Asks: 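One structure coming up, written as structure tokens, with questions to follow.
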2 protein chains.
Amino acid sequence: MFKLFFKNFKEKVALSNDEKTAIGENLKSKEIKKGQFLLGADEICNHIVFIEKGVLRTYLKDESGFEHVIFFGLEGWTAGDLNSFMKQQPARFYIDALEDCELTMISKTAHDQLIETIPAFESYMRILMTNAYMASLSRTSDLISLSLEERYKNFNTSYPSIIQRVPQYMIASHLGVSPETLSRLRAKIVD
Amino acid sequence: MFKLFFKNFKEKVALSNDEKTAIGENLKSKEIKKGQFLLGADEICNHIVFIEKGVLRTYLKDESGFEHVIFFGLEGWTAGDLNSFMKQQPARFYIDALEDCELTMISKTAHDQLIETIPAFESYMRILMTNAYMASLSRTSDLISLSLEERYKNFNTSYPSIIQRVPQYMIASHLGVSPETLSRLRAKIVD
DNA sequence: TTGACTTCTTGACAAATGTCAATGAAACAA
DNA sequence: TTGTTTCATTGACATTTGTCAAGAAGTCAA
């Protein structure tokens, strides 16, 4: 139970058995099947989830109804609409499962309580947020400064397993282009 | 000294006088003139800075030498190449002053020590990172899902003061387009 | 003031990407 | 198996954006 979660935790912050027990009591497990939703836009995001197994997709819809993939989550990653979670406001994102998933969930109540009572948990969240911010910044930099071809090659080398597990049109969406454009790029690269 | 820094701090986390003193001993002030650099790419980012006064620009250069603005920092904002700071690796970003600046600086050594010894400081950093991540995510969402016109209008309403204080071609760069394209968009909007 | 420099605008054209439509392959369920 | 659905590819064309070049307006310093 929560196996990968605690493995990941201990790689970032030291954790006594008492602390581990206290945190464990505030976690819940959940399984969702491929195609099911974890969160819909306009709902309040009441949990952040840690992915023990499976693939999640976080995306938003623009006014035309077009879906834009914000990110993919694999084993060991965290997902959730953080803005909605922190401020308890309606979510901007949808989250659904691209494969059957096993998740470790932390509710807002549990999160707030753990932050107050377990310093190691606050340390873990600080490190998680710092890493997430750095990754997001790196993606923004790539979006602004790199060509589509460079972005695609970067994505391929950085996340080869995502390519294997996710349809190509979703990769295109994550890169910010249409499926046709990515398809043509791939045809060009082969030459 | 550090006036705006502590004002901002106390809006996020409660702070005793003893803690304030301990933190203050780990801060430094610095002034830089318009045009001067706070950080050059390939240097190690040894400080994160809090902007008491002035405007900073964070940008990177692509292989063609083109500059791409990552963000602007105004009074009350934080700047620095976080990835370089945290991992003590060469920076990817340049940071320079668009106006004369007064800065509050935290060195890596001071940061690490304060994280260890002052829980309120770790709370502050956690909240800072969380907010920075949410803002970065929001920007990524906008870049992927909105048209240039929508992004420009959003920027205008979200950061009207930046428009007043920063050359238009840098705004264009922040939006991810050429100066000519932004100029033409503005001409179109007037109609 | 004059001259140098920076910034913004505009035109003409090129390159990148989007849109729409058709096709075929692969995956999946009945 | 058969039929249905999803996905990837390709062509034709439209739209957006970039590039290069020129010029106008403003700023700043000697």
Side-chain angles (χ1 to χ4, degrees), chain A residues 33-37 55 57 59-69 72 94 96-100 142-156 162-191, chain B residues 33-37 55 57 59-69 72 94 96-100 142-156 162-191:
Chain A
K33 293 284 173 194
K34 176 175 179 173
Q36 286 187 327
F37 278 82
V55 183
R57 169 181 64 148
Y59 65 96
L60 56 80
K61 288 187 189 174
D62 61 28
E63 357 48 278
S64 314
F66 258 99
E67 299 179 358
H68 301 269
V69 175
F72 302 106
Y94 299 79
D96 64 0
L98 302 183
E99 297 178 2
D100 295 352
D142 289 355
L143 270 175
I144 285 194
S145 69
L146 300 183
S147 69
L148 171 61
E149 181 167 348
E150 289 169 313
R151 275 181 283 145
Y152 179 64
K153 286 179 173 171
N154 274 5
F155 188 89
N156 261 317
I162 295 185
I163 304 276
Q164 309 301 321
R165 296 166 75 176
V166 166
Q168 187 175 304
Y169 74 92
M170 293 187 188
I171 309 281
S173 173
H174 182 275
L175 294 170
V177 296
S178 68
E180 293 93 336
T181 296
L182 180 58
S183 176
R184 277 184 253 263
L185 171 68
R186 282 163 47 84
K188 201 195 82 182
I189 288 177
V190 170
D191 301 340
Chain B
K33 294 285 174 193
K34 177 176 178 173
Q36 287 187 327
F37 278 83
V55 183
R57 170 182 61 149
Y59 66 96
L60 56 79
K61 288 187 189 175
D62 61 27
E63 1 41 281
S64 315
F66 257 100
E67 299 179 357
H68 301 269
V69 175
F72 301 107
Y94 298 79
D96 64 0
L98 302 182
E99 297 178 3
D100 296 352
D142 289 354
L143 269 175
I144 284 194
S145 69
L146 301 183
S147 69
L148 172 60
E149 181 166 349
E150 290 169 311
R151 275 181 282 146
Y152 179 64
K153 285 178 173 171
N154 273 4
F155 189 87
N156 262 316
I162 295 185
I163 304 276
Q164 310 301 321
R165 296 165 76 177
V166 166
Q168 187 175 304
Y169 74 89
M170 290 187 189
I171 309 282
S173 174
H174 183 275
L175 293 170
V177 296
S178 67
E180 293 93 335
T181 297
L182 180 56
S183 176
R184 277 184 253 262
L185 171 67
R186 283 163 47 84
K188 200 193 84 184
I189 288 177
V190 170
D191 302 341

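Quick note on labels: first sequence line is chain A, next is B, and so on, each numbered from 1. Because the structure is predicted, anything quoted here is derived from the model rather than measured.
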Asks: I'd like to compare against my own output: the B/S/- annotation of nucleotides 23-30 of chain C with a strict under-4.0 Å heavy-atom distance to protein.
Replies: --------
Asks: Test of understanding: with side chain to side chain donor-acceptor pair (under 3.5 Å), list the residues that count as partners of Asn154(A), not counting sequence neighbours.
Replies: none
Asks: Within the structure provided, determine whether Phe72(A) and Met170(A) are in side-chain contact (heavy-atom separation under 4.5 Å).
Replies: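 They are in contact (side-chain heavy atoms under 4.5 Å apart), so the answer is yes.
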Asks: Mind calculating the distance between CG (Leu185(A)) and P (dA16(C)) to the nearest angstrom?
Replies: 11 Å
Asks: Rounded to whole angstroms, how far apart are CD on Glu149(B) and P on dT15(D)?
Replies: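 Spelled out: CD on Glu149(B) to P on dT15(D) is 16 Å.
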Asks: Please tell me if Gln168(B) has a side-chain N or O lying less than 4.0 Å from either OP1 or OP2 of dT6(C).
Replies: no
Asks: Separation of Leu175(A) atom CG from dG18(C) atom P, in whole Å?
Replies: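 To the nearest whole Å, that distance equals 11 Å.
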Asks: Salt bridge or not for Asp100(A) and Lys33(A), using N-O below 4.0 Å?
Replies: yes
Asks: At under 4.0 Å, does any side-chain N or O of Arg186(A) touch on OP1 or OP2 of dT9(D)?
Replies: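 Checking Arg186(A) against dT9(D): at least one side-chain N or O falls below 4.0 Å of OP1 or OP2.
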Asks: Go through the steps for Glu67(A) and Ser173(A) under the test side chain to side chain contact (heavy atoms under 4.5 Å, CB included), then give the verdict.
Replies: CA-CA 8 Å; Glu67(A) 299 179 358; Ser173(A) 173; 5.6 Å; no
Asks: Taking all atoms of both residues into account, what is the closest heavy-atom pair of Ala172(A) and Pro179(A), and its distance?
Replies: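 Nearest heavy atoms, Ala172(A) then Pro179(A): CB-CA, 3.8 Å.
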Asks: When the distance from CD1 of Ile163(A) to P of dA8(D) is rounded to whole Å, what number comes out?
Replies: 11 Å
Asks: Find the distance Tyr152(B):OH to dT16(D):P and express it as a whole number of Å.
Replies: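 Spelled out: OH on Tyr152(B) to P on dT16(D) is 18 Å.
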Asks: Between dT19(C), dT10(C), dC8(C), which nucleotide gets closest to the side-chain atoms of Phe66(A)?
Replies: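 Out of dT19(C), dT10(C), dC8(C), the nucleotide with an atom closest to Phe66(A)'s side chain is dT19(C).
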Asks: Tell me the interatomic distance from Leu148(B), atom CG, to dG18(C), atom P, rounded to whole angstroms.
Replies: 14 Å
Asks: Can you see if the side chain of Thr181(B) gets near the phosphate of dG18(D) - specifically, an N or O under 4.0 Å from OP1 or OP2?
Replies: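 Yes.
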Asks: Any donor-acceptor pair under 3.5 Å between the side chain of Glu180(B) and the base of dC8(C)?
Replies: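 No.
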Asks: With a 4.5 Å limit on heavy-atom distance, are the side chains of Ile171(A) and Val166(A) in contact?
Replies: yes
Asks: Calculate the interatomic distance between Leu98(B) atom CG and dT6(C) atom P; express it in whole Å.
Replies: 15 Å
Asks: Any N or O donor-acceptor pair under 3.5 Å from the base of dT19(C) to the side chain of Arg184(A)?
Replies: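 Such a pair is found, so the answer is yes.
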Asks: Taking the side chain of Val177(A) as its heavy atoms from C-beta onward, which of dT19(D), dG18(C), dT10(C) lies nearest to it?
Replies: dG18(C)
Asks: Assuming nearest nucleotide by heavy-atom distance, tell me which of Val166(B) and Ser178(A) is located more 5' along DNA chain C.
Replies: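 That would be Val166(B).
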Asks: Starting at CG of Leu143(B) and ending at P of dT17(C), how long is that distance when rounded to a whole Å?
Replies: 15 Å
Asks: Thinking salt bridges, do Lys153(A) and Glu149(A) make one under a 4.0 Å N-O criterion?
Replies: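 Glu149(A) and Lys153(A): salt-bridged.
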